[in-house]
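Remarks on the structure that follows.
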4 protein chains.
Amino acid sequence: MSLAHANRGVVYQGPGVVQVDAIDFPKLEMNKRLCQHGVILKVVTTNICGSDQHMVRGRTTAEQGLVLGHEITGEIIECGRDVEFLNVGDLVSVPFNIACGRCRNCKEGRTGICLNVNPARPGAAYGYVDMGGWVGGQAEYVMVPYADFNLLKFPDRDQGLEKIKDLTLLSDILPTGYHGCVTAGVGPGSIVYIAGAGPVGLAAAASAKLLGAACVIVGDMIQERLDQARSFGCETIDLRQEGEMADKVEQITGVREVDAFVDCVGFEAHGCGCNHGNEAPATVLNSAMELTRAGGQIGIPGLYVTDDPGAVDEAARVGALSMRFGLGWAKSHSFHTGQCPVMSYHRQLMQAILFDKIEIAFHI
Amino acid sequence: MSLAHANRGVVYQGPGVVQVDAIDFPKLEMNKRLCQHGVILKVVTTNICGSDQHMVRGRTTAEQGLVLGHEITGEIIECGRDVEFLNVGDLVSVPFNIACGRCRNCKEGRTGICLNVNPARPGAAYGYVDMGGWVGGQAEYVMVPYADFNLLKFPDRDQGLEKIKDLTLLSDILPTGYHGCVTAGVGPGSIVYIAGAGPVGLAAAASAKLLGAACVIVGDMIQERLDQARSFGCETIDLRQEGEMADKVEQITGVREVDAFVDCVGFEAHGCGCNHGNEAPATVLNSAMELTRAGGQIGIPGLYVTDDPGAVDEAARVGALSMRFGLGWAKSHSFHTGQCPVMSYHRQLMQAILFDKIEIAFHI
Amino acid sequence: MSLAHANRGVVYQGPGVVQVDAIDFPKLEMNKRLCQHGVILKVVTTNICGSDQHMVRGRTTAEQGLVLGHEITGEIIECGRDVEFLNVGDLVSVPFNIACGRCRNCKEGRTGICLNVNPARPGAAYGYVDMGGWVGGQAEYVMVPYADFNLLKFPDRDQGLEKIKDLTLLSDILPTGYHGCVTAGVGPGSIVYIAGAGPVGLAAAASAKLLGAACVIVGDMIQERLDQARSFGCETIDLRQEGEMADKVEQITGVREVDAFVDCVGFEAHGCGCNHGNEAPATVLNSAMELTRAGGQIGIPGLYVTDDPGAVDEAARVGALSMRFGLGWAKSHSFHTGQCPVMSYHRQLMQAILFDKIEIAFHI
Amino acid sequence: MSLAHANRGVVYQGPGVVQVDAIDFPKLEMNKRLCQHGVILKVVTTNICGSDQHMVRGRTTAEQGLVLGHEITGEIIECGRDVEFLNVGDLVSVPFNIACGRCRNCKEGRTGICLNVNPARPGAAYGYVDMGGWVGGQAEYVMVPYADFNLLKFPDRDQGLEKIKDLTLLSDILPTGYHGCVTAGVGPGSIVYIAGAGPVGLAAAASAKLLGAACVIVGDMIQERLDQARSFGCETIDLRQEGEMADKVEQITGVREVDAFVDCVGFEAHGCGCNHGNEAPATVLNSAMELTRAGGQIGIPGLYVTDDPGAVDEAARVGALSMRFGLGWAKSHSFHTGQCPVMSYHRQLMQAILFDKIEIAFHI
């Protein structure tokens with residue numbers, strides 16, 4: 001194998017074990033499906049996502065040998081012959097959702113549930129269990145299909161490299177947090193509660209500020225995360241401390257409820273206060289219904305799964321949660337779920353970064 | 001008591017028992033709150049709602065003496081001094097939601113969750129447990145507060161009386177079914193599933209047709225209801241029969257899923273197929289997630305409650321349901337709940353009736 | 001030339017003259033731009049559009065030799081190598097707008113103003129002056145680029161052929177009329193005025209009915225067109241007769257204004273009443289502002305041009321019209337212009353046809 | 001007259017002349033129409049609007065004796081007997097649009113075109129020609145009708161007085177500029193052009209920033225205004241200098257067009273460049289169509305009138321402008337006009353002020 005064709009990637013070996021291994025150099029095909037609409041990227045940056053950890057912790061059916069990584073920014077080193085609007089040397093952001101750009105859902109902007117890239121179900125991603133078998137990008141090189149459709153080219157290469165720490169977050173975390181805020185109805189003047197101050201939660205908090213929110217309250221149980229949220233002007237609630245959420249919100253804002261709620265935790269939620277430590281998969285959703293004003297919207301970028309082999313009980317094992325849905329109904333809530341369709345947001349967020357309206361790398 | 005002040009109403013006596021009793025003639029006040037913004041109506045028509053039955057069956061905390069009835073059409077016989085745009089003799093439809101027209105929610109069109117008409121929580125209705133204590137309209141006379149805001153005047157009295165069987169459904173059932181369709185995203189070309197063929201389900205089916213749906217499929221377990229749905233051009237699924245829902249939908253439409261799903265059943269749902277007969281409060285919601293295409297919306301006009309003293313288990317007793325939320329999340333579903341804000345729809349639906357675009361009395 | 005490669009098309013020869021000529025058999029390229037994303041269609045049906053007439057009348061800069069035809073339905077006889085989801089033998093509808101499916105506008109669903117298919121300006125069409133130089137489809141064979149993105153496949157070939165007279169209208173007229181209604185805010189209960197009862201006007205009228213409008217009023221000066229509109233339940237106003245529009249609308253509806261206005265005439269408008277016969281390019285727009293209720297929307301699918309060599313005056317020659325914009329402003333009107341993005345609507349409208357919800361061929 | 005009933009106001013005396021005069025103390029009625037739904041305010045702050053100047057310059061039919069002032073913030077000193085949710089002592093912002101809260105338009109949030117407060121046409125304002133005859137608030141005391149509906153109460157009186165210079169702008173200028181941005185589709189990442197750097201233009205610029213715009217470009221001919229715009233981070237274009245707008249925009253942003261355009265000038269526009277000095281009422285609208293990208297939206301908070309006695313020509317005298325509408329049509333533009341419905345925005349913008357997200361008094 002010539003040097004030009006060497007490749008290395010982060011490979012899942014089994015619960016708790018990953019390893020950088022030599023892997024195949026990408027080709028413009030996937031499982032014998034020709035991908036002349038694709039490009040090969042030299043990876044410039046890649047990130048580790050909370051959902052990677054989920055696989056690594058062994059709570060999925062991920063198989064040994066999976067190359068991880070769905071957050072990718074790179075430089076094009078080869079274009080398939082059907083690529084028309086991109087060139088070798090372009091610096092590009094790769095949405096984590098793989099989308100064909102040709103199905104009904106893609107045409108409607110629902111690139112998170114593309115119908116043509118995963119035989120098992122709508123939606124696909126790089127390096128991810130049950131998401132279509134595409135090779136991940138925690139690697140030196142990776143293939144991106146439907147490149148003209150999927151990729152976001154940075155307008156200036158030098159400027160792109162200079163802001164690469166911010167721009168790398170366009171592939172997943174920043175749009176995902178932003179999507180949570182948009183679907184929760186956040187806008188100028190909103191009082192917003194963000195559940196969870198991990199990277200997506202902090203990205204949601206920064207997004208809420210970009211969207212003009214009046215007050216962004218972030219709840220978590222980890223001091224470092226709370227400190228981080230405070231560092232860019234968020235209010236925080238320490239969930240390790242006892243007490244009613246409504247009381248805490250009132251102390252901050254003067255009212256006992258929030259306009260919008262963004263669940264950036266998902267199914268691995270733990271109870272707060274006295275019973276923290278125990279997994280309680282519906283706890284954030286139930287808090288959302290308690291804390292959100294009547295008529296409010298609940299954005300749910302946090303992942304809920306159809307099957308969870310490591311769940312606390314039989315119900316949760318098939319994704320069934322005990323939701324106090326009647327409370328939400330009484331308050332006319334709406335609930336917005338699913339993978340973020342990154343393409344719906346990445347261009348605008350790139351502009352926000354390039355024009356210095358958000359310093360997302362600093363925030364998360 | 002002079003004849004002018006005689007009044008009679010349907011009064012709840014306890015589980016299973018209602019009775020027409022002499023009741024007070026309405027005043028322009030409620031619990032010592034002056035209602036000069038209100039009018040007194042001579043009731044022309046009123047309907048019995050499924051949720052009335054819920055109270056009568058004793059599954060709520062309704063107290064003896066409650067005057068029932070929240071679906072009211074009437075003629076104005078007296079106007080409070082702050083009423084400016086209505087007159088004695090006007091024939092009007094009364095939205096079941098009581099709304100002040102002055103709070104944040106009302107200003108945003110969310111009249112189902114008005115903040116000023118129920119000390120216990122947002123939202124109120126006539127003759128309804130926990131909905132603010134307003135006297136119901138299954139009576140000869142009833143008081144309607146904030147009349148200029150709430151009431152819909154029929155443009156021509158004679159025409160109104162001629163179409164009264166249709167127009168009477170503007171106070172609740174028709175807008176409620178329509179709201180379910182709107183929040184489910186029904187529009188021209190949609191394939192829609194309506195769960196439940198009671199009055200609201202049939203109104204939803206008729207609404208879906210008005211909205212231009214290509215195919216309206218109604219599911220129920222009662223033959224008469226299914227026949228009724230077929231009578232105006234709906235497809236039907238008999239839930240007493242075994243078999244996969246997706247198979248049945250495919251036989252009708254050629255595809256195994258629907259674009260939009262409207263839950264017109266609510267928390268008193270029963271399992272379908274082999275286990276019908278048992279109450280299974282989350283069964284419709286779980287079917288919705290199975291049957292609705294990725295990216296689809298789920299409209300939920302069917303009632304879910306915060307407390308259900310007659311529930312099958314402890315969880316359902318506090319409104320907690322076992323929802324397979326992970327499935328909905330995987331399909332990027334959104335869920336839209338709550339009382340229909342009748343005012344958002346009643347004027348347009350009145351026009352549809354007056355111009356003969358919907359024959360709703362015939363349909364339900 | 002072998003028989004397989006024979007082709008014939010309708011060719012513009014100069015003002016007032018078109019002719020069926022032998023033309024080149026289409027290739028998967030356009031002006032040396034490779035189109036392996038394209039297919040070659042055997043044309044099954046094609047229609048003549050009002051805008052074709054505009055070119056034929058010599059009011060554009062169309063050059064001799066232009067092959068006309070942008071309303072195309074056909075059968076695929078050859079697929080480029082980058083076509084992945086279509087096959088030879090598929091029966092398909094071609095949106096008149098050519099769109100790449102890869103630019104910012106296409107990704108936002110604005111396929112009428114694609115950035116990659118016309119070097120002169122956003123937006124392209126087949127067989128049309130200034131719209132990118134693509135060969136038209138009033139021919140036996142035609143090439144369609146970006147086929148996976150652009151084409152709408154009919155689910156069943158036999159059913160498609162059976163309903164071909166309706167389905168042929170999906171390429172332009174029906175979606176264009178429908179777009180006018182959507183942008184004018186037409187919905188259940190609306191009172192709508194459609195200016196012009198040519199094919200697009202009649203398609204708009206039929207669309208308004210599909211969208212649930214309570215009353216559809218169509219205005220024109222030609223008796224046959226008015227009769228046609230009446231034949232499927234529209235009200236009509238004969239613009240040859242003197243009188244105030246508001247009076248005529250009041251006679252029909254009881255009110256002196258309409259909720260929504262759709263301009264299906266465009267810049268070749270003529271004055272109504274006493275001065276009919278003279279071209280008056282802003283007359284429909286000015287009527288719109290007079291007749292539409294405060295807060296109403298004005299949908300403008302009728303074509304307005306940037307340059308009109310045959311215009312009545314110097315201003316109109318560069319597309320400048322004398323609009324009474326202050327009147328629209330006083331009524332908070334919004335104005336919605338531009339080519340219909342066919343792809344936004346054709347799937348739903350196909351469903352409406354296939355499920356017998358609209359009989360468009362019968363209507364126009 | 002007792003001291004308690006003294007009142008003074010700014011009274012229009014004729015072209016170019018206003019004077020502070022003794023005027024009647026307000027009553028809870030207007031032209032014999034009882035206003036027990038109203039309150040009497042002691043005016044705390046009031047502003048002079050550009051449209052006041054329009055009247056004072058004599059370009060309207062305003063009559064001698066008109067008390068000016070539609071931008072009002074005040075303290076309630078008397079409540080009509082039908083006011084239910086406000087109290088003496090409340091500090092409130094008054095939307096400049098008077099609205100009944102009971103008509104179809106108010107119920108739809110279109111408070112700028114209320115049907116019940118101006119016999120001449122939809123929409124009313126305080127102290128304004130042709131806007132219903134309501135007495136203005138550049139006075140010590142003023143009456144506000146439908147107070148429960150119209151007024152925005154500041155949650156804390158002391159905080160309100162502390163931020164009064166910002167909060168005073170909630171009655172008109174800030175929401176008006178914001179409305180221009182919202183209707184132009186401004187959001188995170190947008191490149192926005194604001195035509196005119198008067199108070200509304202600067203408020204629009206500040207609003208665009210609050211809405212997350214990436215780049216806000218303000219054009220004007222007056223140095224102080226341009227300097228003011230630069231002081232809070234806007235880019236500027238000096239319209240006194242020759243040159244293509246597209247060139248200037250490209251120098252700032254790298255692209256030759258903008259995503260969104262807000263016309264904060266209106267009908268008193270002047271040509272830019274060489275012909276500045278001459279009034280050219282359509283010049284901003286025509287620039288909008290040139291400069292805005294295909295698919296962009298044009299927000300038009302700047303006033304266009306139905307009649308302009310002082311216009312440059314006969315056409316403009318009746319509000320007719322020579323618009324190059326064909327250009328907008330070719331680019332699929334939409335145009336959004338009318339008075340800002342202040343109530344749609346003032347609560348959110350108040351929150352933005354109270355939580356220090358916008359320092360609007362400093363900006364304009």
Side-chain angles (χ1 to χ4, degrees), chain B residues 28-39 79-87 90 92-93 95 97-112 114-117 119 144-155 175 341-351, chain D residues 28-39 79-87 90 92-93 95 97-112 114-117 119 144-155 175 341-351:
Chain B
L28 292 172
E29 66 167 65
M30 206 281 282
N31 290 344
K32 301 192 180 153
R33 174 177 176 176
L34 206 61
C35 296
Q36 289 294 339
H37 41 64
V39 297
C79 288
R81 68 176 180 225
D82 186 31
V83 174
E84 213 179 351
F85 305 110
L86 294 165
N87 294 296
D90 287 348
V92 294
S93 176
N97 349 266
I98 300 169
C100 73
R102 308 171 185 200
C103 70
R104 173 180 174 186
N105 285 350
C106 284
K107 288 178 182 179
E108 293 176 354
R110 312 294 306 253
T111 51
C114 172
L115 300 172
N116 286 327
V117 287
V144 171
Y146 304 103
D148 275 333
F149 183 68
N150 282 307
L151 292 175
L152 176 71
K153 180 183 166 182
F154 302 146
V342 170
M343 192 184 293
S344 297
Y345 309 115
H346 66 173
R347 206 196 58 79
Q348 301 97 293
L349 293 169
M350 175 188 74
Q351 293 286 75
Chain D
L28 293 171
E29 66 168 65
M30 206 282 283
N31 290 343
K32 300 188 178 158
R33 175 176 176 177
L34 205 62
C35 296
Q36 290 294 341
H37 41 63
V39 297
C79 287
R81 67 188 176 205
D82 295 326
V83 174
E84 205 176 352
F85 305 110
L86 293 164
N87 293 296
D90 287 347
V92 294
S93 176
N97 349 264
I98 300 169
C100 74
R102 308 173 183 197
C103 70
R104 173 179 173 189
N105 284 352
C106 282
K107 288 177 183 179
E108 293 176 355
R110 312 293 305 253
T111 51
C114 172
L115 300 172
N116 286 328
V117 286
V144 172
Y146 304 104
D148 275 333
F149 182 67
N150 283 307
L151 292 175
L152 176 71
K153 180 183 167 181
F154 302 145
V342 169
M343 193 184 291
S344 298
Y345 309 115
H346 65 175
R347 206 196 58 79
Q348 303 96 295
L349 292 170
M350 175 188 75
Q351 294 286 76

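Residue numbers start from 1 in every chain, and the chains themselves are labelled A, B, ... in the order their sequence lines are given, proteins ahead of strands. Note that these values count all heavy atoms, side chains included, but never hydrogens, waters or copies made by symmetry. What you see is a predicted model; the values in this text were computed from it and never measured.
Both the backbone and the side chain of F149(B) have a heavy atom closer than 4.5 Å to some heavy atom of chain D.
Counting heavy-atom pairs under 4.5 Å between each of R104(B), M343(B), E108(B) and chain D puts R104(B) at the top. When the candidates N116(D), N150(D), D82(D), L151(D) are compared by the number of heavy-atom contacts under 4.5 Å with chain B, D82(D) comes out ahead.
The closest side-chain heavy-atom distance from R347(D) to K107(B) is not below 4.5 Å. The side-chain heavy atoms of E84(D) and H37(B), taken from C-beta on, include a pair separated by under 4.5 Å. Side chains of R81(D) and R81(B) form a contact here, defined as non-hydrogen atoms less than 4.5 Å apart.
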